[in-house]
Amino acid sequence: MKPWLGANWKMHKTVREAREYVARWNSLVEESPLGEEAEAVLFPPFTVLAAVGEALVGASLGAQNVYPEDGGAFTGEISPPMLAELGVRYVLVGHSERRHILGEEDAFLRRKFDALVARGFVPVLCVGETAEERRTGRTDEVLLRQLDGVLGEREAFPGTFVVAYEPVWAIGTGIPATPEDAAQAVARIRAYLRERFGAPADGVPIVYGGSVDPDNVGGFVRPGVSDGALVGSKSLEADVFFRLAQNALEAWRKG
Ligand code: PGA
């Protein structure tokens, strides 16, 4: 496995800003390539996906959302074929902001996950407990419920996907989990996947997200803790995200 590093831009960047970012990113990877040793993925908003996809080198393209139908009367939504045409490979499913602000529930998230798998995308399933759930000792229960809500009824291993452990209280707060807490949650998720799908599940990257920055990423991205990071605010500048990716790769190599 190689470290997986996602840049979730959320609702940021106009076309002009996105083009500037990609030009800078491209020059950084041309100078010192991350190469085949890491998988970097940018998740720009829909309105700049085409501009980013046309120019981007040294990273894959991801989308922040999808609607689980190929087309139809779904005002404001975006379908899997629309994303495929732009070269999108990864799609976020169940990010805490969509669960908590947009009210998306497991049954709907399962439809998205299944539609993505059926169309050959790589879903990135996000799970994580709130501060209150952690305080009351329900972290494991919440993780299992969220995993089972999306994966529970599948008969076969879905093929490539990623799981992001993102404790809600660590997202955008500047207060990350400790690497020990992250490792514990990742191990719990790994155990669920093994139990559910057997050996093939060992190839599923399980990454950590929540206030990851270039200085703390090395604590999270290493064998025995997690297989990568999903990054929000520290992904919004190409230089910062690139440095973060380099630091992650270095920590991963050290093992
Ligand atoms: P953050 O966001 O890095 O700003 O905490 C992470 C995420 O929402 O994926």
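Values in this document were obtained by computation on a predicted structure and should not be read as measured data. Counting starts at 1 for both ligands and their atoms, following the listed order.
Side-chain contacts under 4.5 Å among hydrophobic residues (ILVMFWY), followed directly or transitively, place Val124 together with Trp4, Val41, Phe43, Tyr90, Leu92, Val122, Val162, Val207, Leu230.
For Phe241 and Tyr21, the ring centers sit 6.0 Å or farther from each other.
Using a cut-off of 4.0 Å between Lys/Arg side-chain N and Asp/Glu carboxylate O, Arg111 and Glu69 are scored as salt-bridged. With respect to Glu97 and Lys10, a salt bridge is recorded, a charged nitrogen being found less than 4.0 Å from a carboxylate O. Using a 4.0 Å cut-off between a side-chain N of Lys or Arg and a carboxylate O of Asp or Glu, Asp140 and Arg188 qualify as a salt bridge.
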Give one line per pair: atom of ligand 1, protein atom, distance. Only N/O to N/O under 3.5 Å.
from     : atom 1 : to     : atom 2 : distance (Å)
ligand 1 : 2 (O)  : Lys10  : NZ     : 3.3
ligand 1 : 2 (O)  : Gly232 : N      : 3.4
ligand 1 : 3 (O)  : Gly232 : N      : 2.8
ligand 1 : 4 (O)  : Ser233 : N      : 2.9
ligand 1 : 4 (O)  : Ser233 : OG     : 3.4
ligand 1 : 5 (O)  : Gly172 : N      : 2.6
ligand 1 : 5 (O)  : Ser211 : N      : 2.8
ligand 1 : 8 (O)  : Lys10  : NZ     : 2.7
ligand 1 : 8 (O)  : His95  : NE2    : 2.7
ligand 1 : 9 (O)  : His95  : NE2    : 3.3
ligand 1 : 9 (O)  : Glu166 : OE1    : 3.3
ligand 1 : 9 (O)  : Glu166 : OE2    : 2.6

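With hydrogens and angles disregarded, no donor-acceptor distance shorter than 3.5 Å links the side chain of Glu141 to the backbone of Arg138.
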